**Student:** 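Submitted below is the structure of interest, expressed as C-alpha cells.
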Amino acid sequence: MSERSDRSLLALARRMRVDVSPLRESRDFRLLLSSGMITLVGTVFTMVAVPYQVKQLTGSPVAVGLVSLAEFVPMVVCGLWGGAIADALDRRKIVIYSEVGLCVTTAILLVNALLPEPRVWVLYVAGALSAGFGSVRGPSEQAMVNRVLKLDQMTAAFALQGLARNSAIIVGPAVGGVVVISLGPAASYGVDVVSFLISLALLVRVRPVPRPEEATPASLRSLVEGVRYAGKRPDLMGTYLVDIAAMAFASSNALFPFLADDLGAPQALGLLYAAGGVGSVIASLTSGWTSHVHRHGLAVIVSATLWGVSVAIAALMPNVWLVFLFLAVAGGADMVSGLFRGTIWNQTIPDEYRGRLAGIELLSYSTGPMLGDVRAGLMAGWGGARFSLGAGGLLCMGAVALMAAVLPRFRSYDARTDEYALAERARRAEQPSAA
C-alpha cells in the first residue's frame with residue numbers, strides 16, 4: 001500500500017472516530033455524563049429486578065405487564081411538568097432533588113424486598129414514582145448540557161451520551177440478570193441505591209447553572225406556550241414526527257421472544273435484545289463524520305429510512321446471526337437519527353424554552369417504542385412474528401417518506417442558514433458558555 005493511501009486511511013479514521021472534545025473541555029459535562037451513566041447502570045438492575053419479583057410474587061404475565069402501565073401516566077405528566085419547571089427554576093437543583101427522589105424510591109423497594117412477605121402494590125407505586133422522578137430529571141439535565149458546552153459540540157455530546165447509555169443497556173441487563181437470579185431482588189435494589197449515592201456525589205460538584213434570563217413561571221399556560229412554540233417550527237415538528245412514526249411502525253422488541261423461537265434459537269433471546277444497542281455503540285464510536293454534516297433534517301430522514309429498511313430485511317433473514325446483524329444496523333441508524341435530532345434541538349431552541357421542549361422531546365422518543373410494541377403484538381397475532389417485523393419496516397419507510405413530503409422545511413433544514421440556528425449562535429456569541 002502506498003504512503004498516500006496510508007495517509008488517506010489515517011485521515012478517514014480520524015474523521016470517523018468519536019469526538020471527545022466535550023469531555024476534554026468541559027468539567028461539568030464530564031460530571032453530568034458520569035453521573036448519568038452510573039445512574040443508568042443502577043437503574044437497569046432495578047428494571048430487571050422489578051418484573052422478576054412481580055413474577056415471583058404473582059406468577060402472572062398480566063401482572064408483570066401492568067408495571068409498564070403504572071409507569072406510563074407519571075412519565076407523560078412529569079415529563080411535561082419537568083420541562084416547565086426546568087425553564088422556571090434552578091436546573092441543577094431539580095436534577096439533584098430528582099436523584100434524591102429516585103434513591104429514596106429504590107430504598108423503598110429494598111426495604112420491601114427484605115420483608116418476610118414483600119407487597120406487590122409497593123412495586124407498582126415505586127415504579128410510578130420512579131418514572132415520575134426520572135421524567136422530571138431528564139429535561140433539566142439535557143437543558144444543563146446545552147449550557148455547559150459550545151453549540152458546535154452538541155452532536156459530539158449526543159454521541160457520547162448515546163455511547164454511555166447503550167453501553168450500560170448492553171452490559172446492565174446481563175449482569176443484572178445474574179445478580180437478581182443468584183442473590184435475589186434485594187441485592188439488585190441495593191446496587192441501585194449505591195449507584196444513586198455515587199451519582200449524587202458527582203452532581204453536587206457541578207457548578208450552578210443560572211436560571212434563564214427571562215424565566216417563565218411553571219404553569220399550564222407555560223406548557224401551552226412551549227407546545228405552541230414547537231408547533232410553529234416545522235424543523236422541530238419534523239424531528240418529533242419522524243421519530244414517532246419510525247418507532248411506532250418498526251420498533252418491535254415485543255416480538256423478540258417469538259422471533260427467537262421462530263429461528264429455533266430461544267437461547268439467543270438476549271442477543272436479539274442487545275443487537276440495537278451494539279449497533280448504537282458502533283455508530284457512536286464512529287460518529288466523528290457527523291460534525292461535517294449540515295443538512296440535519298435530511299440526515300434524520302435518511303437515517304430513519306435506513307432503520308426501516310434494516311428492520312424489513314431482518315425479517316427475511318434465515319438465521320439468528322443475520323437477524324442480529326441487520327437489527328444492529330437498524331440500531332446504528334436510529335442512533336445517527338438521534339444525533340441529528342439532538343443537534344437541531346440544542347443548536348436552535350432558545351434557552352428560555354429549552355426545558356419545556358426537552359419535556360416534549362422526552363415524550364416523543366419514549367412513546368414511539370411503546371406504540372411500536374402494541375403495533376407489533378397486534379400484527380404478530382394476524383400473521384406471525386416475521387410478518388409483523390417485516391411489515392413494520394415497510395410501514396416505517398412509507399411513513400418517513402410521507403413526513404419528508406409534507407414537511408419540506410424540515411427536509412431542507414441547513415444549520416448554516418437556518419434563522420433559528422443563526423440567532424442562537426449570535427446569542428451565545430454575546431454570552432459565551434462557561435464550559
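Note that the structure is a prediction, hence the values are computed from the model and not measured. Below, each value reflects all heavy atoms present in this structure, side chains not excepted, and no hydrogens, waters or symmetry copies.
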**Student:** Can you sort out the partners of K55 under side chain to side chain contact (heavy atoms under 4.5 Å, CB included), two or more places apart, ordered by chain and number?
**Tutor:** V64

**Student:** Looking at V206, is its backbone amide N or carbonyl O close enough to the side chain of R92 to form a donor-acceptor pair, meaning the two atoms are under 3.5 Å apart?
**Tutor:** yes

**Student:** For F29, check ring-ring contact (aromatic ring centres under 6.0 Å, His included) against everything at least two apart and list the hits.
**Tutor:** none

**Student:** Using the ring-ring contact (aromatic ring centres under 6.0 Å, His included) criterion, which residues pair with Y229? Sequence neighbours excluded.
**Tutor:** Y353

**Student:** Can you check whether S287's main-chain N or O pairs, donor with acceptor, with T290's side chain at less than 3.5 Å?
**Tutor:** yes

**Student:** Okay, side chain of T343, backbone of L339: is any donor-acceptor separation there less than 3.5 Å?
**Tutor:** yes

**Student:** List the steps, then state whether side chain to side chain contact (heavy atoms under 4.5 Å, CB included) holds for R30 with R27.
**Tutor:** CA-CA 5 Å; R30 291 194 298 272; R27 166 187 175 275; 3.4 Å; yes

**Student:** Step by step, would you call Y97 with V136 a side chain to side chain contact (heavy atoms under 4.5 Å, CB included)?
**Tutor:** CA-CA 10 Å; Y97 292 156; V136 168; over 6 Å; no

**Student:** Just grab all the side chain to side chain donor-acceptor pair (under 3.5 Å) pairs involving residues 293-315, residues at least two apart or on different chains.
**Tutor:** none

**Student:** With sequence neighbours left out, write down each residue that passes salt bridge (Lys or Arg N to Asp or Glu O under 4.0 Å) with D235, or none if nothing qualifies.
**Tutor:** R233

**Student:** Check salt bridge (Lys or Arg N to Asp or Glu O under 4.0 Å) between R416 and all other residues, then give those that pass, not counting sequence neighbours.
**Tutor:** D414

**Student:** Taking side chain to side chain contact (heavy atoms under 4.5 Å, CB included) as the test, write out the residues that go with S130, two or more places apart.
**Tutor:** L102, T105

**Student:** Run the side chain to side chain donor-acceptor pair (under 3.5 Å) test against T46 and tell me which residues pass, sequence neighbours left out.
**Tutor:** D192

**Student:** Look at the side chain of N112 and the backbone N and O of R119, then say whether any donor-acceptor pair between them is shorter than 3.5 Å.
**Tutor:** yes

**Student:** Apply salt bridge (Lys or Arg N to Asp or Glu O under 4.0 Å) to R354 and list each qualifying residue two or more places apart in sequence or on a separate chain.
**Tutor:** E361

**Student:** With a 4.0 Å cut-off on N to O distance, would you call E424 and R427 a salt bridge?
**Tutor:** yes

**Student:** Residues in side chain to side chain contact (heavy atoms under 4.5 Å, CB included) with V227, at least two apart?
**Tutor:** I360

**Student:** For the pair R356 and E225, evaluate side chain to side chain contact (heavy atoms under 4.5 Å, CB included) and give the outcome as yes or no after the intermediate values.
**Tutor:** CA-CA 9 Å; R356 281 167 286 176; E225 286 177 359; 3.5 Å; yes

**Student:** Checking the side chain of R375 only, and the main-chain atoms of F249 only, is there a donor and an acceptor separated by less than 3.5 Å?
**Tutor:** yes

**Student:** Sequence neighbours left out, what passes side chain to side chain contact (heavy atoms under 4.5 Å, CB included) with S21? Give chain and number order.
**Tutor:** D19, R24, E25, Q153

**Student:** Taking salt bridge (Lys or Arg N to Asp or Glu O under 4.0 Å) as the test, write out the residues that go with D243, two or more places apart.
**Tutor:** R341

